[in-house]
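Before any comments, here is the structure.
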Amino acid sequence: FGISYHDDKFGAELMGRGASGQSSAQFADSKYLTMDLSLQYKIRKNWKVYVNLYNLTNAAFTEYSQVTTDGRYRYPAAGRQFFIGTDYKF
(Lines give C-alpha, C1' and ligand atoms only; values in the text may rest on other atoms or scores of the structure.)
Protein backbone atom coordinates (compact mmCIF):
# COMPACT_ATOMS: atom_id res chain seq x y z
CA PHE A 1 0.00 0.00 0.00
CA GLY A 2 1.19 3.53 -0.53
CA ILE A 3 0.55 7.16 -1.21
CA SER A 4 2.41 9.60 -3.43
CA TYR A 5 2.42 13.25 -4.42
CA HIS A 6 4.27 14.85 -7.33
CA ASP A 7 4.29 18.30 -8.89
CA ASP A 8 6.80 20.21 -11.07
CA LYS A 9 9.31 20.74 -8.23
CA PHE A 10 8.55 18.32 -5.40
CA GLY A 11 7.82 14.62 -5.09
CA ALA A 12 7.05 12.41 -2.12
CA GLU A 13 6.09 8.77 -1.76
CA LEU A 14 5.30 6.69 1.32
CA MET A 15 5.08 2.94 0.78
CA GLY A 16 4.30 0.23 3.30
CA ARG A 17 4.24 -3.52 3.34
CA GLY A 18 3.75 -6.17 5.92
CA ALA A 19 2.99 -9.79 6.58
CA SER A 20 1.95 -12.11 9.36
CA GLY A 21 2.20 -15.83 9.99
CA GLN A 22 5.84 -16.13 8.99
CA SER A 23 8.21 -18.57 10.62
CA SER A 24 10.48 -16.69 13.03
CA ALA A 25 13.15 -19.33 12.32
CA GLN A 26 13.80 -17.63 8.96
CA PHE A 27 15.52 -14.45 10.27
CA ALA A 28 12.20 -12.68 10.73
CA ASP A 29 9.56 -11.79 13.25
CA SER A 30 6.36 -13.76 12.73
CA LYS A 31 4.73 -10.50 11.59
CA TYR A 32 6.09 -7.17 10.43
CA LEU A 33 5.20 -3.78 9.01
CA THR A 34 7.77 -1.63 7.27
CA MET A 35 7.51 1.82 5.70
CA ASP A 36 9.70 3.47 3.05
CA LEU A 37 9.74 7.22 2.38
CA SER A 38 11.16 8.95 -0.70
CA LEU A 39 11.44 12.71 -1.11
CA GLN A 40 12.85 14.66 -4.06
CA TYR A 41 13.15 18.32 -4.95
CA LYS A 42 13.95 19.71 -8.39
CA ILE A 43 16.48 22.52 -7.98
CA ARG A 44 16.78 23.28 -11.69
CA LYS A 45 15.51 21.79 -14.94
CA ASN A 46 18.13 19.00 -15.00
CA TRP A 47 19.09 18.83 -11.32
CA LYS A 48 17.33 17.32 -8.33
CA VAL A 49 18.20 16.28 -4.78
CA TYR A 50 16.64 13.35 -2.98
CA VAL A 51 16.36 11.53 0.33
CA ASN A 52 15.27 7.89 0.50
CA LEU A 53 14.50 6.31 3.87
CA TYR A 54 13.96 2.55 3.97
CA ASN A 55 12.48 0.32 6.67
CA LEU A 56 11.56 3.21 8.97
CA THR A 57 10.11 0.79 11.53
CA ASN A 58 13.40 -1.19 11.58
CA ALA A 59 11.40 -4.41 11.16
CA ALA A 60 13.13 -7.80 10.95
CA PHE A 61 11.92 -9.62 7.85
CA THR A 62 13.22 -11.75 5.01
CA GLU A 63 13.43 -11.22 1.27
CA TYR A 64 13.24 -13.95 -1.33
CA SER A 65 15.89 -14.65 -3.92
CA GLN A 66 16.35 -17.64 -6.20
CA VAL A 67 14.18 -20.72 -5.99
CA THR A 68 16.05 -23.86 -4.98
CA THR A 69 15.05 -27.52 -5.19
CA ASP A 70 13.68 -27.46 -1.66
CA GLY A 71 11.86 -24.14 -1.90
CA ARG A 72 12.76 -20.49 -1.76
CA TYR A 73 16.05 -19.05 -0.63
CA ARG A 74 15.49 -16.38 2.03
CA TYR A 75 17.91 -13.79 3.34
CA PRO A 76 17.49 -11.14 6.04
CA ALA A 77 16.46 -7.72 4.77
CA ALA A 78 18.46 -4.67 5.78
CA GLY A 79 17.43 -2.72 8.84
CA ARG A 80 16.66 1.00 8.84
CA GLN A 81 18.77 2.86 6.27
CA PHE A 82 18.82 6.12 4.35
CA PHE A 83 20.36 7.57 1.21
CA ILE A 84 20.89 11.23 0.37
CA GLY A 85 21.93 12.22 -3.10
CA THR A 86 21.70 14.39 -6.14
CA ASP A 87 20.88 13.61 -9.74
CA TYR A 88 22.00 15.74 -12.68
CA LYS A 89 21.02 14.88 -16.27
CA PHE A 90 22.99 16.18 -19.25
Side-chain angles (χ1 to χ4, degrees):
F1 63 91
I3 186 170
S4 64
Y5 171 81
H6 295 277
D7 65 22
D8 292 339
K9 287 262 194 198
F10 179 74
E13 185 173 276
L14 179 65
M15 299 296 291
R17 63 181 164 156
S20 63
Q22 297 189 125
S23 167
S24 58
Q26 298 291 330
F27 307 104
D29 294 332
S30 63
K31 59 184 174 182
Y32 73 89
L33 172 66
T34 184
M35 306 293 286
D36 301 334
L37 176 65
S38 298
L39 304 169
Q40 63 180 351
Y41 181 74
K42 193 178 224 181
I43 297 172
R44 293 201 168 87
K45 180 181 176 185
N46 297 334
W47 188 20
K48 70 177 178 181
V49 293
Y50 61 87
V51 176
N52 295 330
L53 306 146
Y54 299 105
N55 195 3
L56 293 173
T57 60
N58 204 28
F61 65 100
T62 56
E63 295 282 10
Y64 294 99
S65 184
Q66 63 193 8
V67 176
T68 60
T69 56
D70 61 344
R72 296 181 186 171
Y73 173 72
R74 296 179 178 153
Y75 59 94
R80 186 180 299 125
Q81 57 185 323
F82 66 93
F83 297 91
I84 300 171
T86 185
D87 184 13
Y88 187 85
K89 295 184 180 182
F90 295 92

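Model, not experiment: these values are computed from the prediction. Positions are given from 1 along the sequence.
Qualifying side chain to side chain contact (heavy atoms under 4.5 Å, CB included) partners for Leu37, counting only residues two or more places apart in sequence or in other chains: Leu14, Leu39, Leu53, Leu56. Applying the side chain to side chain donor-acceptor pair (under 3.5 Å) test to Thr86 and every residue at least two apart in sequence or in another chain returns Trp47. By the ring-ring contact (aromatic ring centres under 6.0 Å, His included) test, Phe83 is found to be paired with Tyr54, residues two or more places apart in sequence or in another chain being considered. For Tyr5, the side chain to side chain donor-acceptor pair (under 3.5 Å) partners at least two apart in sequence or on another chain are Asp7. Residues that satisfy the salt bridge (charged side-chain N to carboxylate O under 4.0 Å, His left out) test with Arg17, not counting sequence neighbours, are Glu63.
Hydrophobic clustering (ILVMFWY, side-chain heavy atoms < 4.5 Å, transitive): Phe90 and Ile43 are in one cluster. In the hydrophobic cluster analysis, where Ile, Leu, Val, Met, Phe, Trp and Tyr join through side-chain heavy atoms closer than 4.5 angstrom, Tyr88 is grouped together with Val49.
One N or O on the side chain of Thr57 and one on the backbone of Leu33 form a donor-acceptor pair closer than 3.5 Å.
Between atom CZ of residue Arg44 and atom NZ of residue Lys9 there is a gap of 8.5 Å, rounded to the nearest 0.5 Å. Atom OG1 of Thr34 sits about 9.0 Å away from atom CZ of Arg80, to the nearest 0.5 Å.
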So His6 and Gln40, side-chain contact (heavy atoms from CB on, under 4.5 Å) or not? Walk me through it.
CA-CA 9 Å; His6 295 277; Gln40 63 180 351; 4.0 Å; yes
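Nearest heavy-atom pair, Ala60 versus Tyr32, reported as atom, atom and distance to 0.1 Å: O-CB, 4.2 Å. Minimum heavy-atom separation, Gly2 to Met15: CA-SD, 3.6 Å.
Around the CZ atom of Phe10, the shell of radius 6.0 Å holds more than 12 heavy atoms that belong to other residues, nucleotides or ligands.
For residues 33-42, no residue pair satisfies the salt bridge (Lys or Arg N to Asp or Glu O under 4.0 Å) rule, not counting sequence neighbours.
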